[in-house]
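Remarks on the structure that follows.
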Number of protein chains: 2
Amino acid sequence: MTLDRIDFDLLRLLRKNARLPNKDLAERAGIAPSTALERIRRLREAGVLQGFHAEIAPEAIGIGLQALISVRLAQHSRALLDSFHAHLRGLPEVLAFYHVAGADDFLVHVGVGDSAHLRDFALAAFTERPEVSRIETRLIFEFQRNAELPRHCT
Amino acid sequence: MTLDRIDFDLLRLLRKNARLPNKDLAERAGIAPSTALERIRRLREAGVLQGFHAEIAPEAIGIGLQALISVRLAQHSRALLDSFHAHLRGLPEVLAFYHVAGADDFLVHVGVGDSAHLRDFALAAFTERPEVSRIETRLIFEFQRNAELPRHCT
DNA sequence: GCTGAAAGTGAGAGGAG
DNA sequence: CTCCTCTCACTTTCAGC
């Protein structure tokens, strides 16, 4: 699938505000509302638009503390990897995770209530797991996401 | 501001699908559409709902490679921190960044076209910067975000 | 603070260019 | 592929509960 300038405009607008009405979307992209509707339907079907998510203030949902936990697995077998992967996906404290190349295999972004919660969680969800060889926890002072599209998406 | 069960329901629904029509939102939360509208307006005004963002397939916008770059600053002065912070916010390759406690000061999630782009970018945006003392780059095999709310948000 | 009706507006489908 | 029109459904406001 090949995207043109109008597709990038629609993506850029939806990336900044996913609840923008179709009418406004069309106007700002310089096309008719029905055309915008059709384009967005196609972008979704092609898997370019994967979803729309609300961003929620962490403190409002009881997240007073965020941390990054580096995890090194005991071995690099496929079975162990899959098992740990599935485990990560089931933890509500996990906000996001990265599977990376390097000495540590995973980097896990977690959100917890307080430091006691963090200690208990790190112990139960990582240290006590058979797949895990070693973890390292870093507190997050600030986390920010970027809603811009790359420069070449003109 | 104190949230009740219905607020959490609305947040949970919008977190999973930010484009869900208000009517459906109300129905699934068990309230009238006008009530849902009012509640969401208040959640936005209170800063609980901070925004709505589309999730876009990286490859579709020319991101063939993602990496995590650990950055250590030369000193920990406020001026240097602010300067580097502002710099990060202006880079389109930066998808997100963490300001963390520990030996490294920042962890930057970047998306680039290919390995040549990554090398050039790491050099120009980090290594050559006066604020930066040292960087370390790790390739990302997989990145996943969690759209669930914490367990206590019933 | 929630409900339900009423007015205004946008979404979405079908057909023409 | 894009636009226009038309219908239908949704959003949004407001008075009443």
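To find a chain, count down the sequence lines: A is the first, B the second, and so on, and within it residues start at 1.
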Worksheet item: Between B:Tyr98 and B:His109, does the ring centroid distance fall short of 6.0 Å?
Response: no
Note: A:Ala60 and B:Phe8 closest approach over all heavy atoms is O-CE2, 4.1 Å
By nearest-nucleotide position on DNA chain C, the 5'-leaning member of A:Arg41 and A:Asp24 is A:Asp24
- Query: So, A:Asp7 side chain and A:Asp4 main chain: donor-acceptor pair closer than 3.5 Å or not?
  - Reply: yes
Kindly indicate, with the supporting measurements, whether the criterion side-chain hydrogen bond (donor to acceptor under 3.5 Å, both in side chains) is fulfilled by A:Ser70 and A:Arg134. CA-CA 8 Å; A:Ser70 306; A:Arg134 174 186 165 281; over 6 Å; no
With a 4.0 Å cut-off (strictly under) to non-hydrogen atoms of chain B, the first and last hit nts on DNA chain D, 5' to 3', are D:dC10 to D:dT13
### Plane angle bin for A:His87 and A:Phe84 - parallel if under 30°, tilted between 30 and 60°, otherwise perpendicular
tilted
Notebook entry, point to check: Side chains of A:His99 and A:Asp105: do they bring a donor and an acceptor to under 3.5 Å?
Noted result: no
Whole-Å distance, A:Arg19 CZ to C:dG10 P, equals 15 Å
Pull out every protein N or O sitting under 3.5 Å from an N or O of nucleotides 1-4 of chain C, one pair per line with the distance.
residue	atom	partner	partner atom	Å
C:dC2	OP1	B:Arg39	NH2	2.4
C:dT3	OP2	B:Ala32	N	3.1
C:dG4	O6	B:Ser34	OG	2.8

Practice task
Answer yes or no: does atom CZ of A:Arg41 have more than 12 heavy-atom neighbours from other residues, nucleotides or ligands under 6.0 Å?
Solution key: yes
task: Output yes when A:Arg12 and A:Glu148 qualify as a salt bridge under the 4.0 Å nitrogen-oxygen rule, no when they do not.
output: no
